[in-house]
Every structure is written in structure tokens, then in C-alpha cells.
Amino acid sequence: MSVQIWTFTFIILSFGLYIGIAIWSRASSTNEFYVAGGGVPPLANGMATAADWMSAASFISMAGLISFLGRDGTFYLMGWTGGYVLLALLLAPYLRKFGKFTVPDFIGDRYYSRSARLIAVFCAIVISFVYVCGQMQGAGIVFSRFLEVDLTVGVVIGMTIVFFYAVLGGMKGITYTQVAQYCVLIFAFMVPAIFISLMMTDNPIPQLGFGSQLTDEFGGGYLLDRLDNLSRDLGFAVYTEGQKSTQDVFFITAALMFGTAGLPHVIIRFFTVPNVRDARRSAGFALVFIAILYTTAPAVAAFARTNLIDTVNNIEYSEVPEWFTTWESTNLIAFTDKNNDGRIQYVGDPERNELQVNRDIMVLANPEIADLPSWVVALVAAGGLAAALSTAAGLLLVISTAVSHDLLKRSLMPDISEKQELLYARIAIFVAVLIAGYYGINPPAYVAQVVAFAFGLAAASFFPAIVLGIFQKRMNKEGAIAGMVCGFLFTAGYIIFFKFIDPAADNAEGWLFGISPEGIGTLGTLINLVVSLSVARFTAEPPREVQQIVETIRLPGEAMEH
Amino acid sequence: MSDESAHSYWKGNLKIVLSLLGVWFFISFVCGILLVDVLDSIRIGGFKLGFWIAQQGSIYVFVVLVFVYIKLMDRLDAQYKDSSTNSDNAARGEME
């Protein structure tokens, strides 16, 4: 069977599964729609959280980014897993105990303020929209490359599927679909990795193969040594050495960690388990499921990089393998014969380098580069779609609840019935899907960059406000609001300045303390903390009832009811 | 639960969280970033140690940390459940 038939088969099977789950898990109340009735077992919630979290960026782009960044790629790995330690220890159990539906709910109630709730709604919507556009685009790329359909058709198919199960099932439908999507995506990621590890090092475990000796066919010696030598010979940065400054890596890692812990679509998942104990457990399971992919990705990065250099450098252009030509047609790989010798020179020096490789290709084309069977190649398409759609659904739900619950029910139209609220939630998802689809088809050029910045914004706005809300009984609305506003504006301002107003200054000399815009969220977090604490010191204590709530969420025992 | 045992439960909780966060900071920021070049001089098989911690080891430690947290919190919860009638015991148990 050809790759294309396999791809169709996998996609139709997996989509059929998602739709089946959607019909089975229809939501009938706001409680089910927002938090799946609070009855999701921790293991299932762990898988759903992992799928929710691992987006098209984790599945398609991350290993590729690492393979071009070498050791510096570490900040993605540590940042996007280390954040779960913060989430598990500082947020998840307390927020579950608090027992509300959304992040703005917590902010609004804890800080007894409609303004705080509205600021949180605004931040949640901005962060989630930025992020969801990237997912739709990812789905579009997979469709257009693997099924050779038009990008627009691809995005519309993706939208329809998400729309179907998100509108029908709300959080309940999304949760159980995400469990299925996790299984699909992890299988699709691991199978090619295991194949390649076996092929290159005879070791079936990629995490170990990565530090093993290459087989004779690949020239022997340790893989990483060989990769370092290849990089050095061709004038690329040495793979296992860092290029970025230590403080920049430090700040980017911290921003990604705080951002991970502050992303509303991740936090909201911990509202769906039955009790506090299960919230802790599901954070642990989620991290295990995420770690499987995140420890494999750097191995894939090293394998793919070595294999790519070996396969294409200095070979005759007329003799390139078939995958090279297929991917050339998508412009993800491009060759210009600068010295007209008919051979591909792939080197570090931009003057002489003749090959442009898009980083996404490292995962998408990896099975083809390694000449794996066609069903393995096809798996990657189903996995990429599962990753993109599961994250998109989680984000759309945040947008929908922010509108129907926090904006309408809790702020503007408190008198609507539950049935009306549910209807508004469904309408909000519908509108959000349309907007996300539009940006998926007409992506603003900077989407990929902006997605990374969503973390900085989440880090500088939500993370400190929630942590202080739990750990500082004295924290009041004045402090929290001032902190969120300062943190958000500082971070957004810094990013906008370097990315849009003065891109020429976007280098280590132009940056404040040598911190790149990717890492500035850490400074934003600190500013938020300092501003919150100082403002709270000079303003009135929070009311007695609020302090009582804080005391209650710190106690052991069952969660408050939804 | 009495105010006193609520207070010592919270103190026990903070102690667990802070010590685990200490390990979290040490493995990721200290070993994985600040000392990575120093640790790179040690080799284990095909890996330089600093590089391995940054791209593999730290993630394993994160997983272990969360499960240790689950275990310690379960124990703390059980301690306060059993001795909720006797807050003195609870406070003493917490000091150990």
C-alpha cells in the first residue's frame, strides 16, 4: 500500500474514533460542559492533559528546533516539563480545592473584584487565541502535505471535526477525545523514533540509543561525538555546546516554566477530577505521559540531524532520494547550486551553504529520510493531527467558558438560566472556531513567534496572581490587579518593541540585561510579584470572608463543590 | 480541624513544597544551565554529563519529584486525618 492510502486509512480511523467518542459523551449541563462533571479519573485526566498540552509545536516543531539549536534547545525541554512541577506543587491541588470552573473564576472570587475577573478574561482570551491559530495552521500543513489537499480544505476539515466534538461534548467530549488523541500521538511519535534508534544504534530505546555507538553502517563511534565532529567539519555550531548566553537560557527556561504553569487551558484540566488527591495524581500522570515524548524528542533531534547531514551533504543533486524531491515541492527544503558543481553543499557558512532546511521537516520527513515502511510514514500525519486538534479543542473551550461563564454569567448577565448559559457557551465555541480557522488559512506571518510569547504573557500575568492568591493571605485586589497589569504590559511592550517597532535592535547588545524577548516573561513575572507585594502592603487587607476562603483551600480534605 | 493543627498542617505542606522546589531549582537551573559546562567534563558512555542532565536527566528528576510530592502529601493528609481529634500528636508528628 502506498503512503497516501495508509495516511487516509489512519486519518479516517482516528477521526471516526473521535466522532464516536463525541456522540457517546454529550454534555447536558454547564457542569459537564465546563469541567466534565468533575468526574474524570486521574489517569484519564493525565492523558488528556498531556494531549491538551502537547500541541502541533511539540509534535511537529520541537525536535526540529532542537536539532538546529543543539544543546541550547534544552530550554524547550526543561521549560515545558519543569513547569509541571510548579503546576503540581503550587497550583493544581489548591485550585481543585477551590472548586470553580475557570481561571478568571478563581481570580475574580479570590480578589473579590469584577475588574480582576475581566482582566483575567482578557488575558485568557488573548493567550488562547494566539495559541489556537498556530494549531489550526499546524493541522493545515499536515493535511496539505500528506493528503495533498489544498491548505484551506485541510483547515476546514480540521475545524469541522473540532467543532463537532467541542460543541457537542464540551469539556466531557474534549477530555475523552484527548485520551484517544494522546494514544494516537504518542504511538505515532514513538514508532518512528524506535525504528530509527534501532537502525542507527541497534538500541530499541531512543533515550539510550542517543548516547550509544553507531552501527558500522553509519560509521561507528558514539552518535553525539560523530554529530559534534560533523558539525565542526561543516562549520556549524558544535551540537553539544551552547551558543546562547547562560543568562538568556536561564531566563527563557524560567519563562517557559512559569508560562506552562500559568496557561489557562492546562490549569482548567485540574478542575475536572473528583478531588484534591486526584488533582495531585493526575498532575503526576500528565508529567509521565509528557516526559515520554519530551525525552524522546532530543534523541530524534540528534538522529535526524546526523542522518540528514549524512544523506544530503556533498551528493549529486541528480541522485537525491525521492523524499527530497517531494519535500522540495512544499518549499520546506530548497537547494540552490551556488557553485554550479551539481552537488549539494550543506555547510554552516551562509555564503557557501546551498541547502535551506525548514526545521519542521525533521519530524515530518524523518521516517522517509530513514527509509522506514510506508505505514510508519503515514502514522506521523495522524499523530500531528491528533496533537494539533487536541490542543485546539482545549484552547477553544477556555475561550468559550471565558465568554459564557466569566463574561456573561458572572459579569454582564447574571440572570441567565443554565440552559441559556450552555447555549452561549456553544455559540462562543462556534465563533471561536471560525476565527481560529480564518487565521489558520491566512496566518499572520508572525504566528510561530507569537505562540512562544503566549508563554511570556501567561507567566507575567496569571502565574504570580494565582500563586500569591494561595500562598499570601494578605494579597488583596489592588495588589493583584496592579501586578497583573504591570507584568502583562511590561512583557507585551518588550516583545512588541523588539519584534515590531525596532527589530534591528533585536540582538544581545540591544536587549535589557542580555535577555531576549523569549525570556522576558521571567522578568515580567518578577515585576508582577514585586508590584503586587508592595501595593498590597500599602492598601487595605482583603475582607474577612476572602481570608477565610484562603484558609479553607489550604486545609486537607475534600474539595468545595462546583 | 482546630486552628492549631490547621496551622501545623500548612507548615508541613510548605516544608514539603519548598524542599522539593529546592531540588527542582538545583537540577534544572544549577546543573542544567549554570554548571552545564563544568559537568560536561564528566562523561558517561556517549553523553557528556551536563548535556545529559539538560536534555534527559532533569526531566526524569521532575517526574520523580511530583511522585514524591504525591506520596508525602498523602502521608501528611493521613497523619492529620488519624489525629484530627488530637492536635498535639499531629503537631509533634509534623516536627519529626
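So that the names make sense, note that chain A is the first sequence line, chain B the second, and so on, each numbered from 1. Keep in mind that this is a model prediction, so the values were computed, not measured. What's counted below: heavy atoms across the whole structure, side chains too, no hydrogens, waters or symmetry copies.
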Quick check for you: to the nearest 0.5 Å, what is the distance between [X] atom [atom1] and [Y] atom [atom2]?
X	Y	atom1	atom2	result
A:T295	B:I59	OG1	CD1	6.0 Å
B:D74	A:R277	CG	CZ	4.5 Å
B:Y60	A:Y294	OH	OH	15.0 Å
A:E241	B:F51	CD	CZ	11.0 Å
B:D77	A:R280	CG	CZ	4.5 Å
B:L14	A:L89	CG	CG	11.0 Å

Specify which of B:I16, B:V36, B:L20 makes the most heavy-atom pairs with chain A at under 4.5 Å.
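Ranked by contacts with chain A, first place is B:V36.
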Quick one: which of B:I70, B:I44, B:I27, B:D37 has the most heavy-atom pairs under 4.5 Å with chain A, could you say?
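It is B:I70.
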Contact check, side chains of [X] and [Y], non-hydrogen atoms, under 4.5 Å:
X	Y	value
A:M257	B:W24	yes
A:L86	B:L21	yes
A:M78	B:I33	yes
A:T240	B:D40	no
A:F210	B:W52	no
B:F47	A:S212	no
A:Y84	B:V66	no

Under a 4.5 Å heavy-atom cut-off, does chain B meet the side chain of A:D228, its backbone, both or neither?
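A:D228 touches chain B through side-chain heavy atoms alone.
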Examine whether an atom of A:I66 lies under 4.5 Å from a heavy atom of chain B, and if so say whether it belongs to the side chain, the backbone or both; otherwise answer neither.
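Interface part for A:I66: side chain.
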Quick one: does B:Q56's side chain have a donor or acceptor within less than 3.5 Å of a partner on A:A299's backbone?
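Not at all, since once roles are kept as given, no pair shorter than 3.5 Å links the two residues.
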For B:S58, is it the side chain, the backbone, both, or neither that has a heavy atom closer than 4.5 Å to a heavy atom of chain A?
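When you check distances to chain A, only side chain atoms of B:S58 fall under 4.5 Å.
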Using 30° and 60° as the class limits, which term best fits the ring planes of B:F67 and A:F285: parallel, tilted or perpendicular?
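Rings of B:F67 and A:F285: perpendicular, as their planes differ by over 60°.
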Does A:Y222 have B:R43 sitting over its ring (NZ/CZ under 6.0 Å from centre, angle to axis within 45°)?
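Yes.
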Taking every heavy-atom pair that is under 4.5 Å apart, which of A:T246, A:V249, A:T74, A:L90 has the most such pairs with chain B?
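Result: the option with the highest number of such pairs is A:T74.
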For chain B, which candidate among A:G242, A:G221, A:G73, A:A254 shows the most heavy-atom pairs at distances under 4.5 Å?
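Maximum pair count with chain B is reached by A:A254.
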For the student: nearest non-hydrogen atoms of A:G70 and B:Q55, plus distance:
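Answer, listing the atom of A:G70 first, then B:Q55: O-NE2, 3.3 Å.
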After noting the C-alpha distance and the side-chain angles of A:W80 and B:F62, does the key distance pass the ring-ring contact (aromatic ring centres under 6.0 Å, His included) rule?
CA-CA 11 Å; A:W80 286 341; B:F62 295 153; over 10 Å; no
